[in-house]
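Just so you know, these numbers come straight off a predicted model, no measurement behind them. Counting starts at 1 for both ligands and their atoms, in listed order.
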Amino acid sequence: MSDQLEATAAKPAPATERSAQQAVNPATGEPGHAYPAHSIDDAHAAAEVAHAAFKSWRRTSFAHRSKLMRQAGAVLRQRADEFAALMTEEMGKTLTDGRAEIEKCAAHCEWFADHAATYLAPEPVDVGGPEAFIAFNPLGVVLAVMPWNFPFWQAFRFAAPALMAGNGALLKHASNVPGCALAIERVFHEAGFPRDLFRTLLLPSSDVKALIEDDHVAAVTLTGSVTAGKSVAAAAAGVLKKCVLELGGSDAYVVLEDADVAAAAKICATARMVNGGQSCIAGKRFIVVRDILEAFEAAMVEAMRGYAMGDPGDEHSKLGPMQSVHARDEIHAQVIKSIAAGAQLLLGGEVPDRPGAWYPATVLADVLPGQPAHDDEVFGPVAAIIAAKDEADAIRIANASDYGLGSGVLTGDIDRGRRIATEELEAGMSFVNENVRSDSRMPFGGVKHSGYGRECAAFGIREFTNIKSVHVRALESTA
Ligand code: NAP
């Protein structure tokens with residue numbers, strides 16, 4: 001069955017085939033390749049063979065896994081241009097960002113190749129008896145449900161530690177990036193991983209529940225929207241399986257009166273415009289103390305103006321299209337509704353008259369509760385500026401969100417920034433005078449509706465392990 005799966009996944013299909021996953025080029029609106037989708041029966045068969053592969057894989061040494069994971073990094077680097085172009089075609093990422101993403105994946109593979117053994121080394125504990133330690137055993141086959149916005153990074157962020165820990169993996173990627181999904185599987189196969197250990201499945205999201213319920217699947221991780229998170233969490237709860245959720249964010253950046261306004265605006269614009277604004281950890285709400293509000297608005301407009309729309313295939317482009325026309329229309333609707341409810345449009349806000357999913361860098365001021373730009377996640381290049389009376393008011397507004405993924409503080413006083421970042425902001429990650437970023441060496445994840453569990457670092461690799469208490473003592477003879 002696994003050979004069959006491979007055969008179906010490998011060949012592009014005619015665009016008209018019914019059960020196919022097809023990308024659409026967001027820059028032009030032109031349809032791309034269509035790939036035959038897997039059936040749920042294919043998926044169950046893949047889970048079974050992945051489980052069989054896992055049973056051998058879990059007995060391999062860290063040295064062996066590291067060798068293959070380093071090779072996966074090398075394959076990524078060799079084919080960086082090809083994979084970057086694939087992302088441009090399928091979801092509109094600029095080529096420059098795509099190359100950087102592939103490099104980040106390669107470095108992540110190397111990080112876990114080098115550090116998995118240390119992160120998962122048995123930890124001795126002094127319990128006052130002869131011997132006690134904590135062991136970290138793999139869980140089994142982990143199902144990963146992933147989003148399109150960083151098609152390679154999201155998948156590798158999960159897969160490198162999961163495989164290094166001794167698990168198997170199934171990838172159900174977003175339906176608009178089937179070429180990327182299949183390319184990721186090929187990377188692991190070309191690197192020499194057992195063919196059944198990592199499988200990509202081109203499935204609709206309606207099949208995810210049945211796969212979670214498959215006895216050969218031990219756990220699930222989802223990166224995506226809150227709606228998808230609730231559905232996956234409910235399915236996992238129904239069969240009592242481990243679940244990690246990396247969900248949306250509405251990251252707040254608190255800009256204090258002692259900040260250098262131009263420097264702060266530059267950092268805020270960088271934070272907002274990551275991946276064309278289509279990032280869970282993009283800065284979305286800029287909460288500015290009134291003393292510097294006017295100056296900040298002007299500086300933010302200037303900084304955001306620097307992100308002109310351009311062909312994503314051009315090395316100099318700083319803003320490509322949104323991932324789809326549907327997504328672009330949703331962003332625009334949020335902007336229009338916010339303006340109707342009192343927000344002031346300072347920049348952008350108009351849909352350009354051209355084919356494709358284009359949306360310009362946009363700045364909204366006077367953003368208040370009741371407006372989508374205040375209350376909801378805007379997944380595009382739209383900066384919402386919110387006024388605050390003072391530091392306490394700014395922190396209150398920052399925390400008055402269902403989300404809690406990343407957050408930032410802009411201040412001239414590093415001690416003040418450290419205190420607010422450490423103690424005040426309700427988020428999984430807080431950065432002072434920098435934009436929020438993911439890093440293989442630091443835990444990544446959120447609180448509240450941004451999800452639970454962590455990726456990266458020791459915390460991430462241990463999520464999909466059985467953290468086992470082992471006590472050992474010699475059997476004393478009673479004779
Ligand atoms: P999405 O609709 O939730 O899709 C993400 C993945 O979940 C896709 O593979 C999708 O499959 C699948 N999916 C959708 N609905 C599902 C359901 N009911 N049950 C099971 N699977 C389901 O998310 P998106 O709108 O494409 O991506 C943007 C969202 O992801 C934003 O909210 C963003 O903040 C969040 N995100 C979070 C992180 C993080 O690390 N915290 C990183 C990136 C993105 P189909 O494509 O087949 O529908």
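- Expressed to the nearest 0.5 Å, how far NE2 of H216 lies from CD of E48 amounts to 4.5 Å.
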At less than 3.5 Å, what protein N or O atoms come close to the N or O atoms of ligand 1? Include the distances to 0.1 Å.
{"from": "ligand 1", "atom 1": "3 (O)", "to": "S225", "atom 2": "N", "distance (Å)": "2.8"}
{"from": "ligand 1", "atom 1": "3 (O)", "to": "S225", "atom 2": "OG", "distance (Å)": "2.5"}
{"from": "ligand 1", "atom 1": "9 (O)", "to": "M146", "atom 2": "O", "distance (Å)": "2.8"}
{"from": "ligand 1", "atom 1": "9 (O)", "to": "A174", "atom 2": "N", "distance (Å)": "3.4"}
{"from": "ligand 1", "atom 1": "11 (O)", "to": "K172", "atom 2": "NZ", "distance (Å)": "3.1"}
{"from": "ligand 1", "atom 1": "18 (N)", "to": "S231", "atom 2": "OG", "distance (Å)": "3.3"}
{"from": "ligand 1", "atom 1": "19 (N)", "to": "S231", "atom 2": "OG", "distance (Å)": "3.3"}
{"from": "ligand 1", "atom 1": "26 (O)", "to": "W148", "atom 2": "NE1", "distance (Å)": "2.6"}
{"from": "ligand 1", "atom 1": "30 (O)", "to": "G224", "atom 2": "O", "distance (Å)": "3.3"}
{"from": "ligand 1", "atom 1": "32 (O)", "to": "E377", "atom 2": "OE1", "distance (Å)": "2.7"}
{"from": "ligand 1", "atom 1": "34 (O)", "to": "E377", "atom 2": "OE2", "distance (Å)": "2.6"}
{"from": "ligand 1", "atom 1": "40 (O)", "to": "R157", "atom 2": "NH2", "distance (Å)": "2.8"}
{"from": "ligand 1", "atom 1": "41 (N)", "to": "E246", "atom 2": "O", "distance (Å)": "3.4"}
{"from": "ligand 1", "atom 1": "41 (N)", "to": "L247", "atom 2": "N", "distance (Å)": "3.3"}
{"from": "ligand 1", "atom 1": "41 (N)", "to": "L247", "atom 2": "O", "distance (Å)": "2.7"}
{"from": "ligand 1", "atom 1": "46 (O)", "to": "S175", "atom 2": "N", "distance (Å)": "2.9"}
{"from": "ligand 1", "atom 1": "47 (O)", "to": "K172", "atom 2": "NZ", "distance (Å)": "2.9"}
{"from": "ligand 1", "atom 1": "47 (O)", "to": "S175", "atom 2": "OG", "distance (Å)": "2.4"}

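- With sequence neighbours left out, E463 forms a salt bridge (charged side-chain N to carboxylate O under 4.0 Å, His left out) with K242.
- With respect to the salt-bridge test (charged N to carboxylate O, under 4.0 angstrom), the residues E103 and R99 do not qualify.
- For F459, the CZ atom counts as loosely surrounded, since its 6.0 Å shell holds 12 or fewer non-hydrogen atoms of other residues, nucleotides or ligands.
- Not a single side-chain contact (heavy atoms from CB on, under 4.5 Å) links P355 to another residue, sequence neighbours left out.
- Residues satisfying the salt bridge (charged side-chain N to carboxylate O under 4.0 Å, His left out) test with K104, not counting sequence neighbours, are none.
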